[in-house]
Protein chains: 2
Amino acid sequence: MGEAILKREQVRDYLLELIETHPAGAPIPAERVLCQQLSVSRPTVRSAVEELVNTGLLVRQHGRGTFVARAKITQEMVSGPGSMSLPRASGTWASRVLEHARIPAGARVGRRLRLSPAAEIHYIARLRLVDGEPMALEHLHVPAAVAPSLTLHDMESGDFYDRLREHGVHVLEAVQSIEPTVVNESEASLLGVPVLAPALLFERLTTDADGRQVEYVHSIYRGDRYRIMSRLTLGASPRSTVDVQARIGGSGPF
Amino acid sequence: MGEAILKREQVRDYLLELIETHPAGAPIPAERVLCQQLSVSRPTVRSAVEELVNTGLLVRQHGRGTFVARAKITQEMVSGPGSMSLPRASGTWASRVLEHARIPAGARVGRRLRLSPAAEIHYIARLRLVDGEPMALEHLHVPAAVAPSLTLHDMESGDFYDRLREHGVHVLEAVQSIEPTVVNESEASLLGVPVLAPALLFERLTTDADGRQVEYVHSIYRGDRYRIMSRLTLGASPRSTVDVQARIGGSGPF
DNA sequence: CCTGAGAAGTGGTCTATGCCACTTTCTACT
DNA sequence: AGTAGAAAGTGGCATAGACCACTTCTCAGG
């Protein structure tokens with residue numbers, strides 16, 4: 001069997017050559033033509049084309065043809081399995097609960113969670129540590145109406161979203177923003193950095209399958225120890241890799 | 001035809017239900033069984049399964065079966081077409097060249113590009129504007145050895161990577177880091193913000209198909225006008241959306 | 001000259017079928 | 001009892017053909 005030459009791969013490689021040698025927007029041969037040229041069946045051709053369409057190298061247009069795509073850049077950052085708590089970094093994470101209460105949402109949080117300021121929420125503040133060093137300060141808010149019986153243990157659990165699921169909440173997606181900021185006095189003392197030191201502010205709003213806001217997270221990450229790494233791939237990306245990293249020791253290539 | 005019910009979608013939806021109601025690791029019915037249950041052909045079933053495998057909801061194991069995957073979070077940020085210059089934002093971009101020269105790499109840039117400090121590079125510094133407002137300060141470095149005849153016009157072009165390609169350089173991928181910082185005096189005056197204002201530092205190292213470093217970019221983005229937005233999707237992501245945004249006017253939901 | 005109908009070519013979907021490769025299980029022989 | 005091998009079940013790959021939906025071009029009719 002040694003070779004194990006798959007026709008599908010042959011077709012794909014042939015198409016990759018075409019893509020390399022043709023400018024963006026150029027049409028590639030019709031599927032039925034490719035079948036003849038390469039002596040394969042149409043489903044095989046279609047399968048190969050589909051792969052390249054999925055990776056963004058080709059664009060299909062019904063009734064017109066298939067074309068070399070304009071190169072697009074995709075950037076992927078994948079948090080590890082389990083906790084949806086992006087960002088995630090190498091090293092050993094731990095967390096220390098600073099505060100935990102059931103309180104009214106207030107104006108700021110209520111607006112983000114689309115709640116009345118008087119509506120109750122579960123609130124937890126925790127210091128996140130990497131290898132014993134403070135790395136981030138995280139404030140988590142979950143509407144009490146969403147999960148009335150949520151316990152502290154639930155919120156501390158690594159599989160927080162699995163806990164929510166047990167409470168009948170199916171987490172669907174989240175929108176996250178990242179922006180630079182500087183730490184204030186209390187943040188500085190908790191994180192062990194000088195006041196006004198650079199930091200990253202993460203805000204995340206999580207939505208469930210019913211469209212309800214189920215979580216609002218506000219996190220401050222130390223700028224001197226934390227950076228976001230990402231790999232950008234031009235066009236063909238089989239699967240880009242992770243790389244949200246915490247700098248613990250040396251400074252590395254960057 | 002009104003309805004236009006695609007069998008493939010029916011199968012996919014059926015599988016999504018199974019995934020919702022089964023724990024991670026649970027097997028789903030065999031493909032041939034699904035064919036009978038849903039009265040469709042195997043290629044149709046396989047096509048639907050493949051889609052869910054691609055989106056990370058199912059895992060196939062040759063000879064064993066197909067299983068519900070452990071939910072993973074993917075975060076995608078896609079820069080618009082054209083310039084690989086991530087980040088990109090809405091609004092009208094323009095740029096003003098501040099400096100342009102062919103100079104020795106120096107220690108810092110040389111290390112990143114894996115060049116001798118004495119090796120020559122093309123250097124360009126430009127101010128990037130959104131709707132006329134300064135948004136970022138970008139420093140671009142390209143080894144002269146990579147593209148000896150590169151002109152200023154090449155480097156200013158929106159399709160800079162296409163220009164490189166014409167010089168025989170096939171850009172492959174890039175590694176980018178993002179970290180918070182504060183602006184210094186000269187950056188502050190160019191960007192029109194106070195000294196020590198929060199900012200994002202982007203560093204990008206681009207590699208070509210031969211493994212050579214072809215570009216090193218160092219950019220400072222205003223923290224008050226720029227933020228990174230991303231959508232995190234649990235498992236099933238047909239295609240997450242863009243969302244690296246510049247805040248020009250109002251503050252928005254966040 | 002303009003316009004509309006039709007033909008031709010394209011991708012989109014689906015069926016029916018065959019064989020191969022890998023894994024697990026059970027059985028029969030040692 | 002242990003082990004090798006067959007059998008059954010799984011996904012992996014490929015074929016041939018049919019029909020549909022959309023786009024473009026051409027050509028005849030106004």
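Order of the sequence lines fixes the chain letters, A, B, ..., with proteins taken first and strands second; residue numbering starts at 1 for each chain.
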May I have the distance from A:Gln36 (atom CD) to D:dG17 (atom C1'), rounded to whole angstrom? 15 Å
Any donor-acceptor pair under 3.5 Å between the side chain of A:Arg32 and the base of C:dG11? yes
Can you find a side chain N or O atom of B:Thr44 that sits less than 4.0 Å from OP1 or OP2 on C:dT13? no
Whole angstrom is fine here: how far is it from NZ in A:Lys7 over to P in C:dG18? 19 Å
Please report the distance, rounded to the nearest Å, between CG in B:Leu52 and P in D:dG11. 14 Å
To the nearest Å, how far apart are A:Glu50 CD and C:dT10 P? 19 Å
Donor-acceptor pair, side chain of A:His122 and main chain of A:Ser149, under 3.5 angstrom: no
Test B:Tyr216 against every option in B:Arg204, B:Glu203, B:Arg114 by the side chain to side chain donor-acceptor pair (under 3.5 Å) rule and name the one that passes. B:Glu203
Please tell me which of A:Ser39 and A:Gly63 maps to the more 5' nucleotide of DNA chain D, matching each residue to the nucleotide holding its nearest heavy atom. A:Ser39
For A:Arg46 and C:dG12, is the shortest distance between a side-chain N/O and OP1 or OP2 below 4.0 Å? yes
Base D:dG12 to side chain B:Arg42, donor-acceptor N/O within 3.5 Å cut-off: yes
Measuring to OP1 and OP2 of D:dA16, would you say a side-chain N or O of A:Ser41 lies under 4.0 angstrom away? no
Measure the acute angle between the ring planes of A:Tyr221 and A:Tyr226, then classify it against the limits of 30° and 60° as parallel, tilted or perpendicular. tilted
Whole Å only: how far is the CZ atom of A:Arg64 from the C1' atom of D:dA21? 16 Å
Assign each of A:Arg60 and B:Val40 to its nearest nucleotide of DNA chain C by heavy atoms, then name whichever residue's nucleotide is nearer the 5' end. A:Arg60
Face-to-face stacking of A:His62 with D:dA21, centres under 5.5 angstrom, angle under 30°: yes
If I take atom CD in residue B:Glu9 and atom C1' in nucleotide C:dT13, what distance separates them, rounded to the nearest angstrom? 11 Å
Atom CD of B:Glu31 and atom C1' of D:dT10 are separated, to the nearest Å, by 8 Å
Sugar-phosphate only, base, or nothing, as touched by B:Ser47 at under 4.0 Å among non-hydrogen atoms: nothing
Rounded to whole Å, please give me the gap between CZ in A:Arg8 and P in D:dC13. 7 Å
Tell me if a side-chain donor or acceptor on A:Thr44 pairs with a main-chain N or O of A:Val40 at a distance below 3.5 Å. no
Are a donor atom and an acceptor atom from the side chains of B:Arg128 and B:Ser95 found within less than 3.5 Å of each other? no
